[in-house]
Amino acid sequence: MQTPAVTDLAHTHARPVHWLATATAMAGVVALAGLLHSGPAGATAAPPAPRPAPDAATAHYPLECGGLPNKIVQRATGDLDGDGNPETVAVVRCDAGSGTPPSGVYVLTHAKNTGKGAGENTGASAARVVATLVEPSEKRSVTDFAIRGGAVHATLLGYSSLDVPSCCPDQTDRVTWRWRGGVFLRSTRTEDQAV
């Protein structure tokens, strides 16, 4: 029989002192890991989940409809201000029953917390209008409406003069709104159409 070249190694025969040293080292690693993490009791808090987009049907719109209800014609959602929570943009007009009344375009966010306890205002609150992109007084109709790349895109149909019949808009503006420096900046490309 051949004898091993290396005599008994210390780690091949575990003794209580070895187990104690291993347990002490593991406790040190766990304690160090706890110190490196922030938050209470060394735990890291997960980032809050984004709120659902505001519900356009719960907002009060600044429209004068002479007693008629308003009608949400189109809506889109997306994060316009980069805070990780989506906003809703709604195209709204008076529900006149016939014809095509002019539209307003409104940016919505959640209403501020109404004094409920923490965690109770979870997205079921009413939406509120925080910006008006198109006033109904501009007498525009809105088509090709969408939110893409953090910007609102729309085509606005309108009239070059009061002489143009209301059935036949003769001006088309392709419009984009982007949130910059605390305001929505509008860029427009106008296309005149023959009547």
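Starting from 1, each residue takes its place in the sequence as its number.
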Taking side-chain hydrogen bond (donor to acceptor under 3.5 Å, both in side chains) as the test, write out the residues that go with R128, two or more places apart.
none
If you compare all heavy atoms of C167 against all heavy atoms of P169, which two are closest, and at what distance to 0.1 Å?
O-CD, 3.5 Å
Who are the side-chain hydrogen bond (donor to acceptor under 3.5 Å, both in side chains) partners of T188, not counting sequence neighbours?
R186
So which residues get pulled into V73's cluster when ILVMFWY side chains under 4.5 Å apart are joined, directly or through others?
L80, V89, V91, V105, V107, V130, L133, V134, V142, F145, I147, V152, L156, V175, W177, W179, F184
In terms of heavy-atom contacts, P62 and V129 come closest through CD-CG2, 4.3 Å
Residues forming a salt bridge (charged side-chain N to carboxylate O under 4.0 Å, His left out) with E135, sequence neighbours excluded
none
Quickly, which of P136, P102, P101 forms a side-chain contact (heavy atoms from CB on, under 4.5 Å) with R93? Name it, please.
P101
dist L157:CG -> K139:NZ (nearest 0.5 Å) comes out at 15.0 Å
Sequence neighbours excluded - ring pair (Phe, Tyr, Trp, His ring centres under 6.0 Å) pairs with any residue from residues 69-88:
none
Got a donor-acceptor contact below 3.5 angstrom from the S103 side chain to the S141 backbone?
no
Got a sec, which pairs hit ring pair (Phe, Tyr, Trp, His ring centres under 6.0 Å) with one end in residues 58-81, sequence neighbours left out?
Y61-Y106
Side chain to side chain contact (heavy atoms under 4.5 Å, CB included) between R140 and D173, worked out:
CA-CA 10 Å; R140 298 298 190 113; D173 294 332; 2.8 Å; yes
Applying ring pair (Phe, Tyr, Trp, His ring centres under 6.0 Å) as the test, list every pair that has at least one member in residues 62-102; sequence neighbours left out.
none
Hits for side chain to side chain contact (heavy atoms under 4.5 Å, CB included) against D55, two or more places apart or cross-chain, chain-then-number order -> A57, T58, R75
What is the minimum heavy-atom distance between T77 and A53, and which atoms define it?
CG2-CB, 3.4 Å
By the side chain to side chain donor-acceptor pair (under 3.5 Å) test, which pairs, at least two apart or in different chains, include something from residues 143-156?
D144-T155, H153-T176, T155-R174
Any disulfide bond (SG atoms under 2.5 Å apart) pairs touching residues 65-95, not counting sequence neighbours?
C65-C94
Taking the side chain as C-beta and beyond, is there a heavy-atom pair between D95 and L68 under 4.5 Å?
no
So which heavy atom on A90 is nearest to which on I72, and how close?
CB-CG2, 4.4 Å
Partners passing side chain to side chain contact (heavy atoms under 4.5 Å, CB included) against D79 (at least two apart in sequence or in another chain):
D81, D83, E87
Could you tell me which residues satisfy salt bridge (charged side-chain N to carboxylate O under 4.0 Å, His left out) with R178, sequence neighbours excluded, listed by chain and number?
none
